Amino acid sequence: MSESNTLWRDPALGESRDLDLPGGPLRIFESGSGLPIVFVHGLLVNANLWRKVVARLAPDFHCVALDMPLGSHELALPEGAPAGAPAAATLVADALDALELDQVTLVGNDSGGAISQIVVTTRPERVGRLGLTSCDYRENFPPKLFAYFKPAAAVPGLMWVLLQPMRFGPPRRTPIAFGWLTKRPIDRPAEDSYLYPSITDAAIRRDARAFIRASDPSQTIAAADRLGEFDRPALIAWSAEDKVFPQSDGRRLAADLPNARFELVEDARTFSMEDNSERLSELIAGFVPEPAAVAD
């Protein structure tokens, strides 16, 4: 992506639509038909994160990738809009309402997993199944490796300064950027699309800062305390080589949910959809249509 206003999107994501929701505008991408799967990404990435998974699943499912206002988006929220993980969860739930989708399989990654946990414990009506890949859980929000986001978001101008080295390739592979989130370099067009919106656009950077400042572990702890109320099927597909989210968190998540199973995605760090989209897609494709087990 150049420093223009044009954000590269993988054609596999499908057609884009802009939803006018109470909390602000939200761009979505739709591809395929069949049972609906809605994908929720985390901070400083966008719908492109799911491009490889959507390409594999769209022949059999209705895939909807949300472009959450978390710093790599195009549609800025109104100034002063509600922020933080609960507000983001409200955007997701409102999008499901606007799209009139029911029995959705909601799939989240990273802070998008935290958002998805809040959705299913506050507004679960349209969610039939929950899929969580490596993600925030209880006190690990944000994870310790990215705790520097909090002070960076609190000081005006500091986030802009910290992002400037990310114009160049080598700093992107450091642990505090994408280096510990993927085993291998991310495709350059996708990686650029993750970074340039916040580097170049003050309104997009403002949305990212607002999300960080208004998010708190108390929100993920509250959601985790209520996960036992979500008795629909859940798949916890954790990255086997994750350096950010401990495998123990994934196993605890599976134990919190009454009707969950735990699977490892081999040869992958946090962004398993980048590292091993084939295995993650296989797990999701098998999970969505399988009969729901009855919780004990």
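Predicted model only: the values in this text are computed from it and were never measured. Residues: numbered from 1 along the sequence shown.
Contact of the R232 side chain with the P124 side chain is registered, since non-hydrogen atoms from C-beta on lie closer than 4.5 Å. The side-chain heavy atoms of I236 and E263, taken from C-beta on, include no pair separated by under 4.5 Å. Counting heavy atoms from C-beta on, the side chains of L70 and I115 come closer than 4.5 Å. Put simply, the side chain of L35 does not reach to within 4.5 Å of the side chain of T105, judged on heavy atoms. When side chains are defined from C-beta on, L227 counts as touching Q117, because their heavy atoms get closer than 4.5 Å. Between L130 and L132, the closest side-chain pair of non-hydrogen atoms falls below 4.5 Å. In this structure, the side chains of H62 and I37 stay at 4.5 Å or more apart for every pair of heavy atoms. No side-chain heavy atom of V53 sits under 4.5 Å from any side-chain heavy atom of V107.
Judged purely by atom type and a 3.5 angstrom limit, S198 has no side-chain atom pairing as donor or acceptor with the backbone of L195. Of the possible polar contacts, none joining the T174 side chain to the P170 backbone as a donor-acceptor pair under 3.5 Å is found. S215 places no side-chain N or O within donor-acceptor distance of the main-chain N or O of I212, the cut-off being under 3.5 Å. Side-chain N or O atoms of N276 include none that pairs as donor or acceptor with a backbone N or O of D267 at under 3.5 Å. Proximity of a side-chain donor or acceptor of R129 to a complementary backbone N or O of Q103 within less than 3.5 Å is not detected. With T122 contributing its side chain and I118 its backbone, the two residues share a donor-acceptor pair below 3.5 Å. No side-chain donor-acceptor contact under 3.5 Å links S31 to the backbone of G14. For the pair T270 (side chain) and L181 (backbone), a donor-acceptor distance under 3.5 Å is absent. Listed for the S239 side chain is no donor-acceptor partner under 3.5 Å among the backbone atoms of E241.
Under 4.0 Å is where a charged nitrogen must lie from a carboxylate oxygen, and between R27 and D18 at least one such pair does. Salt bridge annotation for D97-R123: present, with a cationic side-chain nitrogen under 4.0 angstrom from a carboxylate oxygen. A salt bridge is absent between R226 and D256: the closest approach of a Lys/Arg side-chain nitrogen to an acidic carboxylate oxygen does not fall below 4.0 angstrom. A salt bridge between D67 and R9 is present, with a side-chain N of the basic residue lying under 4.0 Å from a carboxylate O of the acidic one. Here E15 does not pair with R17 in a salt bridge; the nearest charged N to carboxylate O distance is not below 4.0 Å. Remark: D225 engages R138 in a salt bridge, criterion side-chain N to carboxylate O under 4.0 Å. Under 4.0 Å is where a charged nitrogen must lie from a carboxylate oxygen, and between E191 and R172 at least one such pair does. A salt bridge links R51 with E274; the closest basic N to acidic carboxylate O contact falls under 4.0 Å.
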- [ ] Would you check, one step at a time, whether the test side-chain contact (heavy atoms from CB on, under 4.5 Å) holds for Y194 with L44?
- [x] CA-CA 6 Å; Y194 299 157; L44 292 178; 5.9 Å; no

Open item on the list: Applying side-chain contact (heavy atoms from CB on, under 4.5 Å) to V119 and V127, what does each step give before you reach the verdict?
Closed with: CA-CA 9 Å; V119 171; V127 182; 4.2 Å; yes

Open item on the list: As a quick check of understanding, evaluate side-chain contact (heavy atoms from CB on, under 4.5 Å) for F29 and V64, giving each step before the final call.
Closed with: CA-CA 6 Å; F29 296 83; V64 181; over 6 Å; no

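Within the model, atoms CZ of R184 and CZ of R173 stand 9.5 Å from one another, a figure rounded to the nearest 0.5 Å. Atom CG of N46 sits about 5.5 Å away from atom CG of L7, to the nearest 0.5 Å. Distance check: E282 CD to R56 CZ gives 9.5 Å after rounding to the nearest 0.5 Å. Summarising the geometry, atom CG belonging to L49 is positioned 10.0 Å from atom OG belonging to S72; distances are rounded to the nearest 0.5 Å. One finds the CD atom of E139 at 11.0 Å from the OG atom of S218 (value rounded to the nearest 0.5 Å). Note that the CZ atom of F141 and the CZ atom of F146 stand 13.5 Å from one another [nearest 0.5 Å].
Linking ILVMFWY side-chain heavy atoms closer than 4.5 Å, directly or via other members, places Y137 and I221 in two distinct hydrophobic clusters. Under the 4.5 Å side-chain heavy-atom criterion for ILVMFWY residues, no single connected hydrophobic cluster contains both L75 and L77. Linking ILVMFWY side-chain heavy atoms closer than 4.5 Å, directly or via other members, places V155 and M159 in a single hydrophobic cluster. Tracing side-chain contacts under 4.5 Å through hydrophobic residues (I, L, V, M, F, W, Y), one reaches L91 starting from L101; they form part of the same cluster. A chain of hydrophobic side-chain contacts below 4.5 Å, direct or via other Ile, Leu, Val, Met, Phe, Trp or Tyr residues, connects F271 to W180.
The number of heavy atoms from other shown groups lying within 6.0 Å of CD (E229) is above 12.
Side chains of N109 and T133: a donor-acceptor N/O pair is present below 3.5 angstrom, by distance only. For the residue pair D136/S111, the side-chain donor-acceptor check at 3.5 Å is not satisfied. There is a side-chain donor-acceptor pair under 3.5 Å between N48 and S193. When only modelled atom types and interatomic distance are considered, H73 and D207 share a side-chain donor-acceptor pair under 3.5 Å. For S134 and R269, the side-chain atoms include no donor-acceptor pair closer than 3.5 Å.
The nearest pair of heavy atoms linking A153 to R213 is O-CD, 3.3 Å. Listed here is the closest heavy atom pair of L13 and A65: CD2-CB, 4.2 Å. Closest heavy-atom contact between L26 and A95: CD2-CB, 3.8 Å. When all heavy atoms are compared, the tightest approach of G286 to P289 is O-CD, 3.7 Å. The two residues D275 and T182 have their closest heavy-atom pair at OD2-CA, 3.4 Å. Taking both residues in full, the closest heavy atoms of C135 and G113 are given as CB-CA, 3.7 Å, listed atom of the first, atom of the second, then distance.
Other residues sharing a hydrophobic cluster with V161 under the 4.5 Å side-chain heavy-atom criterion for ILVMFWY residues are W160.
Partners of A203 according to the side-chain contact (heavy atoms from CB on, under 4.5 Å) rule, which considers only residues two or more places apart in sequence or in another chain, are A76, D201, R206.
Sorted by first and then second residue, the pairs that involve residues 98-108 and meet salt bridge (Lys or Arg N to Asp or Glu O under 4.0 Å), not counting sequence neighbours, are D102-R126.
Ring-plane geometry between W50 and F39 is classed as tilted, the angle between the planes lying from 30 to 60 degrees on a 0 to 90 degree scale. By the 30° and 60° cut-offs, the orientation of the rings of F245 relative to W238 is perpendicular.
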